[in-house]
Amino acid sequence: MWIWLSRCSHSRGFGVQSPWAYSFIRYVVSEHYPYYAYDELRQRHADADAVTRKLAEFYFRLANFRQPEVVACYGATSPLYAAYMKRGCRKLRTVGVGSGSSVAAWRSRLLGLGRVDLLLLCADGGADAFVDALLPLADERLVLVVEEIGESARARQLWQRIVDSDVAGVSFDLYYCGVVFFDRKMYKQQYVVNF
């Protein structure tokens with residue numbers, strides 16, 4: 001409750017001057033209208049808790065918004081998220097990139113995947129090395145979602161490191177996760193959003 005109250009002034013796009021960022025916050029992050037697949041997915045995954053379901057529905061809207069072909073997952077992300085994203089964009093293919101490796105191995109693995117449009121990153125033990133490999137390869141079509149950025153100080157530091165990097169563009173801090181766009185044509189800006 002305290003988190004929601006502290007971010008209350010940052011909800012539904014209030015104070016956002018960029019039309020693109022306002023549209024993203026209003027119609028992807030904070031959309032409250034039911035989508036066509038929500039009822040079916042809720043019945044199929046009835047055991048999910050409220051936060052997981054809220055994140056899964058956000059991933060559904062994000063996949064519907066971006067229409068990615070390849071979604072790469074690093075770390076222990078929920079399989080529920082992949083099911084929701086698949087309903088948001090039927091052509092997407094989910095690829096797990098595992099965990100624990102060297103920077104050179106990560107770079108070759110990411111390059112071997114070809115075009116990655118959306119990447120889900122769980123900020124666990126080996127995420128630092130993965131981020132070291134990812135940032136030099138990030139281009140304008142990649143969207144990075146970092147999960148659980150509000151869970152620990154270590155995850156918060158990793159999130160801040162990604163946002164502060166030279167390649168990061170517009171970013172959205174949703175507390176439960178963070179979204180980074182690497183399109184350098186957009187003015188670099190960080191938005192704190194009440195999700």
Starting from [Y], can I reach [X] by hopping between I/L/V/M/F/W/Y residues whose side chains sit under 4.5 Å apart?
X     : Y      : result
Leu80 : Val51  : no
Val71 : Tyr84  : no
Leu62 : Leu41  : no
Tyr27 : Val145 : no

**Arg161 atom CZ, over 12 foreign heavy atoms within 6.0 Å** =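 Correct, the count exceeds 12.
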**Tyr187, OH atom: more than 12 neighbouring heavy atoms under 6.0 Å** = no
**Prompt:** Do Val70 and Val95 have side-chain heavy atoms sitting under 4.5 Å apart?
**Reply:**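 Touching, per the 4.5 Å side-chain cut-off.
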**Prompt:** Do the side chains of Trp159 and Val180 get nearer than 4.5 Å, heavy atoms only?
**Reply:**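 The answer is yes; the side chains approach within 4.5 Å.
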**Message:** Holding to ring-ring contact (aromatic ring centres under 6.0 Å, His included), I want the full list of residues that pass it with Tyr35, two or more places apart in sequence or in another chain.
**Reply:**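 Testing Tyr35 for ring-ring contact (aromatic ring centres under 6.0 Å, His included), a comparison that skips the adjacent residues, returns Tyr38, Phe60.
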**Request:** Name all residues meeting the ring-ring contact (aromatic ring centres under 6.0 Å, His included) criterion together with Phe58; count only those two or more places apart in sequence or in a different chain, and write none if there are none.
**Result:** Phe195
**Prompt:** Yes or no on side chain to side chain contact (heavy atoms under 4.5 Å, CB included) for Phe182 and Leu144, after CA distance, side-chain angles and deciding distance?
**Reply:** CA-CA 8 Å; Phe182 290 95; Leu144 174 65; 3.7 Å; yes
**Item:** Working for side chain to side chain contact (heavy atoms under 4.5 Å, CB included), residues Asp117 and Val143
**Value:** CA-CA 6 Å; Asp117 303 305; Val143 177; over 6 Å; no
Report the distance from atom [atom1] of [X] to atom [atom2] of [Y], rounding to the nearest 0.5 Å.
X     : Y      : atom1 : atom2 : value
Lys54 : Cys177 : NZ    : SG    : 10.5 Å
Phe65 : Cys89  : CZ    : SG    : 13.0 Å
Lys91 : Glu69  : NZ    : CD    : 5.0 Å
Met85 : Cys73  : CE    : SG    : 5.0 Å
Thr94 : Leu120 : OG1   : CG    : 8.0 Å

Are any side-chain N or O atoms of [X] and backbone N or O atoms of [Y], one a donor and one an acceptor, separated by less than 3.5 Å?
X      : Y      : result
Ser165 : Ile162 : yes
Lys86  : Leu92  : yes
Arg66  : Arg141 : yes
Gln67  : Asn64  : yes
Lys188 : Val163 : yes
Asp173 : Gly178 : no

**Asked** Any chance the rings of Tyr74 and Phe130 have centres within less than 6.0 Å?
**Response** yes
So, for [X] and [Y], which heavy atoms are closest and what is the spacing to 0.1 Å?
X      : Y      : result
Val116 : Leu142 : O-CD1, 3.6 Å
Ala138 : Arg184 : O-NH2, 3.0 Å
Ala63  : Pro68  : O-CD, 3.4 Å
Trp20  : Val170 : CZ3-CG1, 3.9 Å

**Request:** Classify the side-chain pair Glu148/Tyr175 by whether it contains a donor and acceptor separated by less than 3.5 Å.
**Result:**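 There is no such pair between these side chains.
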**Complete:** Applied to residues 39-50, the side chain to side chain donor-acceptor pair (under 3.5 Å) test, sequence neighbours excluded, yields Glu40-Arg44, Glu40-Arg87, Arg42-Glu57, Asp49-Thr52
**Message:** Here's a test for you: under side chain to side chain donor-acceptor pair (under 3.5 Å), which of Tyr81, Tyr59, Tyr176 qualifies with Glu147?
**Reply:** Tyr59
**Message:** As a quick check of understanding, evaluate side chain to side chain contact (heavy atoms under 4.5 Å, CB included) for Val131 and Asp128, giving each step before the final call.
**Reply:** CA-CA 5 Å; Val131 167; Asp128 292 325; 5.8 Å; no
**Message:** Would Phe181 and Phe24 count as a ring-ring contact (aromatic ring centres under 6.0 Å, His included) here? Give the steps.
**Reply:** CA-CA 11 Å; Phe181 290 85; Phe24 182 77; 5.2 Å; yes
